[in-house]
Amino acid sequence: MIVIKAQDLTFTYSGSKKPAIENLNLEVKEGEFIVITGPSGCGKTTFARCLNALIPSFYRGEMKGFILVLGMDISKSTTSQLSKYVGFVFQNPENQLFSLSVERDVAFGPENLGLPREEVRRRVEWAMKVTGITHLRHAAPYELSGGQQQRVAIASILAMKPKIIVLDEPTSFLDPLSAHQIIETVSNLRSEMEITIILIEHRLDLASRYADRVIIMDRGRIILEGPPSKVYGEDAEAIGVGIPKISLLFNLLKREGYDLGCTPVTLEEATQAIRRRIMDDRS
Amino acid sequence: MIEVKGLYFSYDGNEVLHNINITIHDGEFIAIMGENGAGKTTLIKHFNGLLKPSKGEVLIDGVSTREATVASLSRKVGLVFQNPDHQLFSETVFQEVAFSMRNYGYPEETIRRRVNFILETLDLRSYAETSPFMLSGGERKRVALASILVSDPKHIVLDEPTIGQDHQQKEKLKNFIVQMNTQGRTVIIVTHDVEFVVECRPKVILLSKGSILAEGSYDEILSDEDLVRRASLVPPQIGLLMSSLRDLGFNPATLDVYQAKSAIEKRLLSNVSKTL
Ligand SMILES: Nc1ncnc2c1ncn2[C@@H]1O[C@H](COP(=O)(O)OP(=O)(O)OP(=O)(O)O)[C@@H](O)[C@H]1O
Ligand SMILES: Nc1ncnc2c1ncn2[C@@H]1O[C@H](COP(=O)(O)OP(=O)(O)OP(=O)(O)O)[C@@H](O)[C@H]1O
Ligand SMILES: [Mg+2]
Ligand SMILES: [Mg+2]
């Protein structure tokens with residue numbers, strides 16, 4: 001089933017001359033894990049804003065083409081209608097927190113869905129646990145460190161268990177170990193319940209092992225897409241995308257005439273390929 | 001010189017920094033790393049007097065932050081916040097970046113030259129007349145960086161400077177701060193970005209649960225897997241790769257991708273010559 005379908009989608013913020021996204025065509029299947037990356041200012045957040053109808057209802061501008069999210073035309077839908085199905089973690093976590101305590105913030109979404117109290121409580125406890133904020137439950141958002149705020153923003157979306165989760169650089173404030181754990185949690189959620197994940201990231205080493213597809217944008221357009229191992233070949237490097245260092249290593253070796261037969265995405269793949277080559281050469 | 005002596009700090013009775021002692025000499029390049037909530041932001045807010053010690057003291061070029069105003073300290077210590085939205089307020093990017101220098105009373109011509117230079121360096125030139133609030137996340141962070149770097153402070157303190165930046169922007173930022181550092185500025189970054197640290201090669205201070213866990217050169221610290229994990233970090237990918245190939249003679253302290261490339265090449269070459 002196709003859950004997102006964008007066709008020739010173009011959006012120009014009012015007051016700007018050039019479109020922030022231009023002729024975007026994309027289909028996303030239910031349960032896919034998609035990573036979107038590309039230079040700062042290329043239109044990633046703008047595209048994400050279309051997925052919950054912040055564009056065009058909140059941000060003014062001119063839209064061409066169309067985008068359907070779970071069959072709903074966003075130009076005829078409201079953000080509050082979509083928010084039941086599309087969970088959105090903003091680039092800046094602070095913009096998302098408004099309650100007086102962490103616990104209240106996380107409970108807000110599930111309560112709004114009209115879930116039974118017991119279920120709300122279960123979800124809140126679970127979401128706080130997987131994001132490591134249970135000990136902060138009574139703290140106010142402004143008393144938290146940057147990374148703690150980001151965890152609360154993620155927890156409040158996870159607790160809603162939406163059909164589609166859109167995460168806009170959700171790990172930018174997180175320490176690396178927590179970033180790994182949280183991306184893994186999100187990925188597990190997908191295997192359990194067919195959630196579709198759209199992850200916007202500059203840090204490609206984190207999410208690549210879980211991604212079905214990587215989409216690279218540049219100046220408002222999609223310029224490269226496919227499975228990570230395909231995309232991290234030399235083309236992405238040429239565009240200036242910060243591909244994972246192990247992928248880069250293999251590209252560099254290939255250029256020197258040592259083709260190890262793949263562009264690794266995980267550490268295990270890279271280790272095995274190098275080991276195999278050294279052993280093969282010996283025999 | 002920045003001296004932190006027996007610093008304790010509490011928010012409403014909740015102690016988050018416990019007996020911190022650090023000396024940072026002029027011209028040093030330091031990265032402060034550690035888990036979320038470790039106290040990094042709290043620590044650096046002491047460097048320009050935004051926070052005052054609950055106990056102990058912080059001296060900037062010999063003057064205690066208790067005896068100086070934030071205004072006088074911020075001429076010496078330029079601090080860029082973790083969250084750019086805490087910093088931006090002007091109507092255009094140019095005005096935002098020019099603000100501090102106007103405040104210090106520089107001639108308009110000097111200001112114009114400096115601002116244009118810094119906007120060029122951080123790839124913001126085309127946004128000079130745009131509102132900072134109409135920019136993307138990464139662009140806003142660069143405006144926040146520009147508005148501090150523009151006045152060329154003696155001590156530069158950057159909280160998570162690489163947030164929202166792509167590979168090329170990081171490269172430019174690195175070149176710029178390394179250059180300021182070689183010209184004698186003290187550079188202190190707080191960061192979770194281990195790959196950026198590998199490229200900048202600073203001295204690393206690991207902060208964990210409000211105390212200093214370790215101090216040392218970046219490669220010494222980042223190749224110590226146990227230590228790094230205690231501060232909720234993950235070693236750089238290349239370090240992990242080299243470490244898992246240790247039995248084949250690779251060095252786990254190799255963290256740089258080009259060094260790793262040479263090491264593997266050398267290994268493959270020697271293999272070939274053995275079989276010949
Ligand atoms: N509210 C707005 N009004 C006008 N222009 C905007 C607005 N938000 C973003 N833009 C512009 O639209 C373009 C795309 O911005 P967008 O935020 O989608 O980029 P991005 O890919 O998410 O970048 P980053 O990685 O820095 O977050 C940029 O040139 C930006 O300056
Ligand atoms: N204004 C505040 N009031 C009360 N407590 C605070 C306040 N700011 C931070 N804290 C607490 O102090 C501790 C240290 O926070 P700090 O912001 O210094 O951490 P950090 O190391 O910068 O973390 P991060 O990597 O997440 O930014 C945390 O436990 C945090 O919850
Ligand atoms: Mg963005
Ligand atoms: Mg912080």
Side-chain angles (χ1 to χ4, degrees), chain A residues 13 15-16 20 37-46 91-95 132 136 143-151 168-169 171-180 202-203 205 240-246 248-249 252-253 256 258 260 267-268 270-271 274-275 277-278 281-283, chain B residues 11-12 33-42 82-86 123 130-131 134-142 159-160 162-170 192-195 198 229 231-234 236-238 240-241 244-245 248 257-258 260-261 264-265 267-268 271-272 274-275:
Chain A
Y13 288 101
S16 346
T37 193
S40 168
C42 73
K44 303 179 294 296
T45 297
T46 304
Q91 193 162 5
N92 186 347
E94 239 181 28
N95 296 350
L136 298 169
E143 293 174 329
L144 301 178
S145 78
Q148 289 166 341
Q149 286 177 344
Q150 197 155 38
R151 289 157 195 253
D168 195 352
E169 298 190 36
T171 64
S172 54
F173 291 85
L174 296 183
D175 63 59
L177 207 56
S178 314
H180 276 279
H202 289 296
R203 282 158 77 172
D205 51 336
V241 171
I243 60 173
K245 286 289 189 285
I246 48 170
L248 175 63
L249 174 67
L252 292 173
L253 283 164
E256 298 291 334
Y258 300 100
L260 301 192
L267 201 60
E268 299 82 64
T271 311
I274 294 173
R275 223 171 250 290
R277 177 60 178 263
I278 289 178
D281 275 3
R282 271 191 191 160
S283 52
Chain B
Y11 289 106
D12 306 322
M33 307 183 81
E35 79 273 354
N36 290 137
K40 305 177 297 294
T41 298
T42 306
Q82 189 163 3
N83 190 338
D85 295 350
H86 291 180
D123 240 351
T130 306
S131 155
M134 286 172 63
L135 298 179
S136 79
E139 289 160 353
R140 275 207 302 280
K141 182 78 196 189
R142 296 209 295 285
D159 203 347
E160 301 286 355
T162 65
I163 278 188
Q165 304 310 315
D166 62 65
H167 181 63
Q168 282 174 332
Q169 297 301 342
K170 275 193 209 179
H192 294 302
D193 192 336
V194 285
E195 305 292 353
V198 170
R229 287 195 197 272
S232 206
L233 302 173
V234 176
Q237 255 190 344
I238 296 295
L240 288 171
L241 178 67
S244 64
L245 294 168
L248 294 175
V257 65
Y258 293 94
K261 187 199 96 180
I264 295 169
E265 259 180 311
R267 184 55 202 264
L268 290 172
N271 261 346
V272 173
K274 263 183 227 150
T275 51

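To find a chain, count down the sequence lines: A is the first, B the second, and so on, and within it residues start at 1.
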Ile163(B)/Ser172(A) under side-chain contact (heavy atoms from CB on, under 4.5 Å): CA gap, chis, key distance, verdict: CA-CA 6 Å; Ile163(B) 278 188; Ser172(A) 54; 4.1 Å; yes
Proximity breakdown for Met134(B) and chain A, heavy-atom pairs closer than 4.5 Å: side chain
Which of Glu256(A), Gln149(A), Glu268(A) touches chain B most, by non-hydrogen pairs under 4.5 Å: Glu256(A)
Distance-minimising heavy-atom pair for Leu233(B) and Pro176(A): CD2-CD, 3.5 Å
Nearest atoms (heavy-atom pairs only) where Asn36(B) meets Ser178(A): OD1-OG, 4.2 Å
Option in Ile238(B), Leu240(B), Asn83(B) with maximal non-hydrogen atom pairs under 4.5 Å from chain A: Asn83(B)
Part of Asn92(A) within contact of chain B (heavy atom distance under 4.5 Å): side chain
Option in Leu174(A), Thr46(A), Leu248(A), Ile274(A) with maximal non-hydrogen atom pairs under 4.5 Å from chain B: Leu174(A)
Candidate list Arg140(B), Arg142(B), Gln168(B), test side-chain contact (heavy atoms from CB on, under 4.5 Å), partner Ser40(A), passing option: Arg142(B)
Under 3.5 Å donor-acceptor, His167(B) side chain and Val241(A) backbone: no
Pick from Lys40(B), Lys141(B), Glu265(B) with the largest number of heavy-atom pairs that fall under 4.5 Å of chain A: Glu265(B)
Stepwise side-chain contact (heavy atoms from CB on, under 4.5 Å) check, Leu177(A) with Glu35(B): CA-CA 8 Å; Leu177(A) 207 56; Glu35(B) 79 273 354; over 6 Å; no
Chain B contact via Phe173(A) - side chain, backbone, both or neither, heavy atoms under 4.5 Å: both
For chain A, the option from Gln165(B), Lys170(B), Met33(B), Glu160(B) that forms the most heavy-atom pairs under 4.5 Å: Gln165(B)
Contact winner vs chain A - Ser232(B), Gly37(B), Ala260(B), heavy-atom pairs under 4.5 Å: Ser232(B)
Among the listed options Ala179(A), Gly43(A), Pro39(A), the residue most often paired with chain B at heavy-atom distances under 4.5 Å: Pro39(A)
Leu245(B) vs Ile278(A), side-chain contact (heavy atoms from CB on, under 4.5 Å): CA-CA, chis, key distance, verdict: CA-CA 11 Å; Leu245(B) 294 168; Ile278(A) 289 178; over 6 Å; no
Gap between atom CD of Glu143(A) and atom CG of Asp12(B) - 0.5 Å precision: 7.0 Å
Closest contact, heavy atoms only, Gln237(B) versus Leu267(A): O-CD1, 3.8 Å
Minimum heavy-atom distance between Ser244(B) and Thr271(A), given as atom pair plus value: OG-OG1, 3.3 Å
From Leu248(B) atom CG to Arg275(A) atom CZ, the distance as rounded to the nearest 0.5 Å: 5.0 Å
Rounded distance (nearest 0.5 Å) linking atom NZ of Lys261(B) with atom OH of Tyr258(A): 9.5 Å
Contacting region of Ile246(A) [heavy-atom separation from chain B under 4.5 Å]: both
Closest non-hydrogen atom pair, Leu241(B) against Ala270(A): CD1-CB, 3.8 Å
For His180(A) against Val234(B), the heavy-atom pair lying closest together: CD2-CG2, 3.7 Å
